[in-house]
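Computation of the quantities below employed the complete heavy-atom set of this structure, encompassing side-chain atoms and omitting hydrogens, waters and symmetry-equivalent molecules.
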Amino acid sequence: MAADRRTVIENCSIATVDAHDTEYADGYVVIAGHRIESLGAGKAPEGLENVGRRIDAGGHLVTPGLVNTHHHYYQWITRGLATDHNLFNWLVALYPTWARIDEQMVYAAAQGSLAMMARGGVTTAMDHHYVYPKDSGDLSGAIIRAARETGVRFTLARGSMDRSEKDGGLPPDFAVETLEGALTATEATVKEYHDASFDAMTQVAVAPCSPFSVSTELLREGAELARRLGVRLHTHGSETVEEEKFCHELFGMGPTDYFESTGWLGEDVWMAHCVHMNDSDIAAFGRTKTGVAHCPSSNARLAAGIARVPDMLAAGVPVGLGVDGTASNESGELHTELRNALLINRLGAHREAALNARQALRLGTYGGAQVLGRAGQTGSLEPGKLADLVLWKLDTLAHASIADPVTALVLGAAAPVTASFVNGRQIVEGGRLLHVDEDAIARSTRVEAQRLARIAAQ
């Protein structure tokens, strides 16, 4: 979009999710090029030049685009399997299948995962991809290509595993990389794809998979690599009681202490799940500003437990929301996680005081941007920030009788997305993706899921 070309959105409710939680019952947003130029109450300013489009958004709530902080796209083609397993048993059941993925499968699965999120309001996405079978093709390139075609802002967390069954880990021996191979490939991916600019559409993080699938050396050297290259670090942490037992047996300490011993706490780090955290763990995360990707649906699906999100927020821990892989969250949507985060946390110790609707929206927007290191560019609606925003339709049967639009969005049924913008470019219109063919993606994901199932059965 030309730098001086403007889109004007008017007659809408607005939840900015800025530092003051500013909201407008009836307001406007002006997009100029790829940034938000202005917003406020009432009508847009008179005399704006180069207005290419005006949107009458009556009956809509405008929010920042949703930010997904944890996902595994390849799992789109293994949905609906091992549905009654806990995490470790689920991994043992599925690793032999996942170890047979190839570039064509990964590309189709990434398309499916991205399409489902984008049509549901996600404007910034990430993928933690850590399965790189030998001779499987350019998997990282395939994922990034799918993200670029969909039009979302994207972080590839280039994962890795080097602890297999023979070393006491869970992955099959043929499904892991060597220490040197993982580090070399990760560095090459960062150098080829990472963009550090303000409006970057593609970034890369260093992301060894988890304490039970990587060596201590890979964690430690991965952290050193990330900091040498100036990129962020991501991994799974404290997801289950089994993981905590594993860490105590193997390392003589709990997951948080183990991560700290390997250089894995800091404001450039975020971890997925963090369900089983004691007061000392949460204090360490708060002190170091280590981020958390909260994945309520996946945590419930795998019976992992309820993360202490209210306590994390009170301690100053940056917290965002994650879909997690669609083999443990078959819907693959982030906007449903707003509701699930609120509801599931109210089952915990804080009960009805755990989270409210606006806190849930903040987790899914600004909190996610914080966790990905992009809160200065996206995650809230403010002049000068990137034009990543969503128009939610709230005047239909599903929501029209709920007076408060934020409550309607978070606690009501999944709201239709009338329009979604990323970098000022529209990627969704009337609930349909504009730049990729949803029906073709549905067909290709089914074909690749069937092909993987046949290969795995041999």
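T256 is listed as a side-chain neighbour of M277, based on a closest heavy-atom distance under 4.5 Å. Side-chain contact between L114 and Y73: present, with at least one pair of heavy atoms (C-beta onward) separated by less than 4.5 Å. Counting heavy atoms from C-beta outward, S113 and H71 have side chains that approach closer than 4.5 Å. Side-chain atoms of V292 and M271, non-hydrogen and from C-beta on, never get closer than 4.5 Å to each other. Contact of the D388 side chain with the I36 side chain is not registered, since no non-hydrogen atoms from C-beta on lie closer than 4.5 Å.
Under 3.5 Å, the side chains of R308 and H350 contain no donor-acceptor pair of N or O atoms. Side chains of H70 and H234: a donor-acceptor N/O pair is present below 3.5 angstrom, by distance only. Between the side chains of S213 and S210, at least one donor-acceptor pair of N or O atoms lies under 3.5 Å. In summary, the side chains of R374 and Q377 do present a donor paired with an acceptor at a separation below 3.5 Å, with no hydrogens or angles considered. A donor-acceptor contact closer than 3.5 angstrom links the side chains of W98 and T78. Side-chain contact of S215 with D162: a donor-acceptor pair under 3.5 Å is present, judged by distance alone. Side-chain atoms of H276 and D281 include no donor-acceptor pair closer than 3.5 Å.
In this structure, the side chain of R158 does not engage the main chain of H128 through any donor-acceptor pair within 3.5 Å. Judged purely by atom type and a 3.5 angstrom limit, R35 uses its side chain to pair as donor or acceptor with the backbone of G384.
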Step by step, work out the side chain to side chain contact (heavy atoms under 4.5 Å, CB included) result for Y130 and E177.
CA-CA 10 Å; Y130 53 85; E177 298 174 279; over 6 Å; no
Start with the C-alpha gap between F421 and I427, add the side-chain angles, then the distance that decides, and say whether side chain to side chain contact (heavy atoms under 4.5 Å, CB included) holds.
CA-CA 6 Å; F421 292 84; I427 65 167; over 6 Å; no
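We find that R451 and E448 are joined by a salt bridge, their nearest charged nitrogen and carboxylate oxygen being less than 4.0 Å apart. Between K191 and E187, at least one side-chain N (NZ, or NE/NH1/NH2) sits under 4.0 Å from a carboxylate O, which counts as a salt bridge.
Ring orientation note: the planes of H236 and H273 are close to parallel, at an angle under 30° on the 30°/60° scale. In this structure, Y74 and H72 have tilted ring planes: the angle between them lies in the 30° to 60° band.
Here F88 and H85 keep their ring centres 6.0 angstrom or further from each other.
Closest non-hydrogen pair, E239 versus A304, comes out as O-CB, 3.4 Å.
Within a 6.0 Å sphere centred on CZ of R145, heavy atoms belonging to other residues, nucleotides or ligands number more than 12. By the 6.0 Å contact criterion, CD on Q450 is enclosed, its count of non-hydrogen atoms from other residues, nucleotides or ligands being greater than 12.
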